[in-house]
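Side chains included, hydrogens not; waters and symmetry mates left out as well; all remaining heavy atoms used. Given the structure is predicted, the values throughout are model-derived calculations rather than measurements. Naming: A, B, ... by sequence-line order, numbering from 1 per chain.
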Protein chains: 2
Amino acid sequence: MVRKKVKLAFIENNTERRVSYRKRQKGFLTKARELNTLCDVELATLINSPYHNEPEVFPNNEAAISIFTKFINLPEEKKSKNMKTLEKITTKRIEKIEKELEKVRKENKKIEYTNQMYGLLNGEEMPNSRHPEDLNDLCYVINKTYN
Amino acid sequence: MVRKKVKLAFIENNTERRVSYRKRQKGFLTKARELNTLCDVELATLINSPYHNEPEVFPNNEAAISIFTKFINLPEEKKSKNMKTLEKITTKRIEKIEKELEKVRKENKKIEYTNQMYGLLNGEEMPNSRHPEDLNDLCYVINKTYN
DNA sequence: TCCACTATTATTAGTCG
DNA sequence: CCGACTAATAATAGTGG
């Protein structure tokens, strides 16, 4: 996918294939980490290749085993197609809990910002994460966003 | 990683996160397919997310299960370095509990045999499970084994 | 909510030392 | 064979409908 658009087929040349593997494994694991972090999903991967002796596991052995064991033990009908009522109910509950979670996060942010305001008013140091020029807007933002 | 360089952290906004997840899952699975095809390695992935009801499995259920089962059954030292404390601790605890269990079993046996001895001395029937010719040795065995 | 678009960044095939 | 580099393609955050 660069210099030359590459044909999606087994790379016959050994050296070329090994080099490509190294680069792409790196990229692949980065993508896994990003997806995992940005969206907080349960994600496991395992690669067996002749280019390393031990399997390459993400995120780590225990988590991967736990995620996969859970899947293996799922009853067949849950592994695919037809979703049962129980699962739908669970999904709804998860959605509800997520909304509550977001609310709590907002509340925490508000408290955090408000504390920063008080701290600043009492002459404390400006937190590293916040620039002085933000100060004028801080109070406005707090009220605008959270009330 | 585009328009704006994105911070590698959980995306708080629900909608934004869902959209990002969709796009990135697509990209991730593409990368998996490419690595798999170009370099012909054994590769399995599994994602559980609130954005789909069924786990997203690559390359397919059976292959993924087979690859992971193989891994789970590997001897510990092959599973590699990053086997963490949790599992070691669990293993140690199980070993300890098993030892205690064995001790308790021995204790129970001793009590059982001793009771049989008393029963015999008081003229009770020989238990079916024990032959008369064993009797000579019983007391010796009790002491030899358990003291 | 979800396309489709596109400006940008990220990935990587091939090159060089 | 390997690491660094870079030209070129690929992925995707934000946008507009």
*Asks:* Does C:dT1 have OP1 or OP2 sitting under 4.0 Å from an N or O in the side chain of B:Thr15?
*Replies:* yes
*Asks:* Expressed in angstrom and rounded to an integer, what is the separation of B:Lys23 atom NZ from C:dT11 atom C1'?
*Replies:* 18 Å
*Asks:* Do the ring centers of A:Phe28 and B:Phe28 come within less than 6.0 Å of each other?
*Replies:* yes
*Asks:* One thing to verify: whether A:Arg17 and A:Glu12 come together as a salt bridge, which I'm taking to mean a side-chain N less than 4.0 angstrom from a carboxylate O.
*Replies:* no
*Asks:* Is a side-chain donor or acceptor of B:Thr30 paired with a backbone partner of B:Lys26 at a separation under 3.5 angstrom?
*Replies:* yes
*Asks:* Distance check needed: C:dA13 C1' versus B:Glu34 CD, whole Å only.
*Replies:* 12 Å
*Asks:* Would you kindly compare A:Arg3 and A:Arg22 by the position of their nearest DNA chain D nucleotide and give the one closer to the 5′ end?
*Replies:* A:Arg22
*Asks:* Is it the case that the side chain of B:Asn36 and the backbone of B:Val41 share a donor-acceptor pair, with hydrogens and angles ignored and the cut-off at 3.5 Å?
*Replies:* yes
*Asks:* What integer distance in Å separates A:Gln25:CD from C:dT12:P?
*Replies:* 11 Å
*Asks:* Base, sugar-phosphate, or nothing for A:Lys31, non-hydrogen atoms under 4.0 angstrom?
*Replies:* sugar-phosphate
*Asks:* Nearest whole angstrom, please: distance from the P of D:dC2 to the CG of A:Asn14.
*Replies:* 13 Å
*Asks:* So, OP1 or OP2 of C:dT1: does either fall under 4.0 Å of a side-chain N or O from B:Arg18?
*Replies:* yes
*Asks:* Of the listed nucleotides (D:dA10, C:dT12, D:dA13), which one gets closest to any side-chain atom of B:Ser20?
*Replies:* D:dA13
*Asks:* From CG of A:Leu35 over to P of D:dA11, roughly how many Å is that when rounded to an integer?
*Replies:* 14 Å
*Asks:* I need the CG-P distance between B:Asn13 and D:dG14, as an integer number of Å.
*Replies:* 10 Å
*Asks:* Please report, rounded to the nearest Å, how far the C1' atom of D:dC2 is from the CD atom of A:Glu16.
*Replies:* 16 Å
*Asks:* Let me know the distance between CG of B:Leu8 and C1' of D:dA13, rounded to the nearest Å.
*Replies:* 15 Å
*Asks:* Anything under 30° is parallel, anything over 60° is perpendicular, the rest tilted; go ahead and classify A:Tyr21 against A:His52.
*Replies:* tilted
*Asks:* Between B:Val19 and B:Leu38, which has a closest nucleotide on DNA chain C that is more 5'?
*Replies:* B:Val19
*Asks:* Compare side-chain N and O positions of A:Thr30 against OP1 and OP2 of C:dA10 and report whether any pair is under 4.0 Å apart.
*Replies:* no
